[in-house]
Amino acid sequence: MKVILDFDNTFFTENRDIDDGLALLYLLGSPEVEIVAITGTYGNSTMEVVDANTHRLLTLLGRQDIPYYSGGQKAGDYQSAASEQLVKWVQRYPGEIQLLATGSLTNLYGAQQQWPDFFQAVKRTVVMGGKTAPLLFKKQEMAELNFSCDPKASYQVLTQSHDLLIMTGNYCLDLPFTRAHYQSHFGQYQRHPIVQLIERYSDSWFTDNAETYGIDGFYNWDTLAACALVHPEFFEMEALETTLSMEQLQAGWLMPKTPDVSLGSLTLQLPVVAQPDALRTHIYQTWLNVTF
């Protein structure tokens, strides 16, 4: 399985999500996956921060052999090394590349602008983003921070991709990760380098989620999207018939179809966790496959 990962990686950055880095570790630990390239996008932070985090992580893991390309700096910045290389890789392997996008979708739309047949030549696209209901937690509501970054790009990706799965924020809530889970799954592997790496940089994320949102643990948004790409058998697919608009996407909304037929409609496929305990165990075991 040839995969390109497009992500807004802030694994080493204080007070920022680490799940992009965890998604990369999951892909690296999946024997059926060949990561042919990685592209960086903004969302969790700026491109400068994402670039630095990704180079640091690939160097630490000894995986500088995977090419990395920096993406657009903001919404509307569609001409970048990332968008150009997305086109080149998909043209090199037409019908074989599967895309995993876990940040803003600027690079993907940029690729389509350069080559209109881009999405038709991609085997499958899996994106993490969107919400079908408010993401309400004990202390405050969580904003959607992927589709809303560049609504125009999001609209194009969601309407033009021919084989698309959307891992929404709401369905990630079905699989929380807690400190107790870490102790249960990692307890006997404390000397394993990947366990030490994950636990070190997860610690502040546990704290941030508790202090900011009142969450006992965290939600592994991007890793679940990676799982939906590699092992869809852990999920059931729910069809959402939606009336999609850029206005809604400014807040990341995926709304059910309205009676206004003039707007048209689109059916989106949303993975829903079907085997939570088995999937959680699978994720921990896959991380343990990574050595460096």
Hey, does the Lys NZ or Arg CZ of K2 hover above the aromatic six-ring of Y93, less than 6.0 Å from the centre and inside 45° of the axis?
yes

Between [Y] and [X], is there a salt bridge with N-O shorter than 4.0 Å?
| X | Y | answer |
| --- | --- | --- |
| K74 | D150 | no |
| K123 | E96 | no |
| E141 | K131 | yes |

So, the side chain of [X] versus the backbone of [Y]: is there a donor-acceptor pair under 3.5 Å, distance only?
| X | Y | answer |
| --- | --- | --- |
| T168 | Y171 | yes |
| Q196 | Q190 | yes |
| N209 | F218 | no |
| N9 | V50 | no |
| E144 | N146 | yes |

Should we say atom CD of E238 is surrounded by more than 12 heavy atoms from elsewhere, each under 6.0 Å from it?
yes

What pairs of residues pass the ring pair (Phe, Tyr, Trp, His ring centres under 6.0 Å) test when at least one of them lies in residues 273-292, not counting sequence neighbours?
Y26-H282, F177-Y284, Y182-Y284, H185-Y284, F186-Y284, H231-H282, F234-H282, Y284-W287

Supply the members, apart from W253, of the Ile/Leu/Val/Met/Phe/Trp/Tyr cluster built from side-chain contacts under 4.5 Å; use none for a lone residue.
M255

Could you walk me through whether H181 and T178 pass the side-chain hydrogen bond (donor to acceptor under 3.5 Å, both in side chains) test, one step at a time?
CA-CA 5 Å; H181 292 138; T178 67; 3.1 Å; yes

Worked verdict on F137 versus Y219 for side-chain contact (heavy atoms from CB on, under 4.5 Å):
CA-CA 12 Å; F137 299 100; Y219 296 101; 3.6 Å; yes

Could you tell me which residues satisfy side-chain hydrogen bond (donor to acceptor under 3.5 Å, both in side chains) with Q250, sequence neighbours excluded, listed by chain and number?
none

When hydrophobic residues are tied together by side-chain contacts of less than 4.5 Å, even through go-betweens, does I97 share a cluster with Y109?
no

I would like to know whether Y68 and H55 meet ring pair (Phe, Tyr, Trp, His ring centres under 6.0 Å); could you show each step before the answer?
CA-CA 8 Å; Y68 173 74; H55 285 303; 5.1 Å; yes

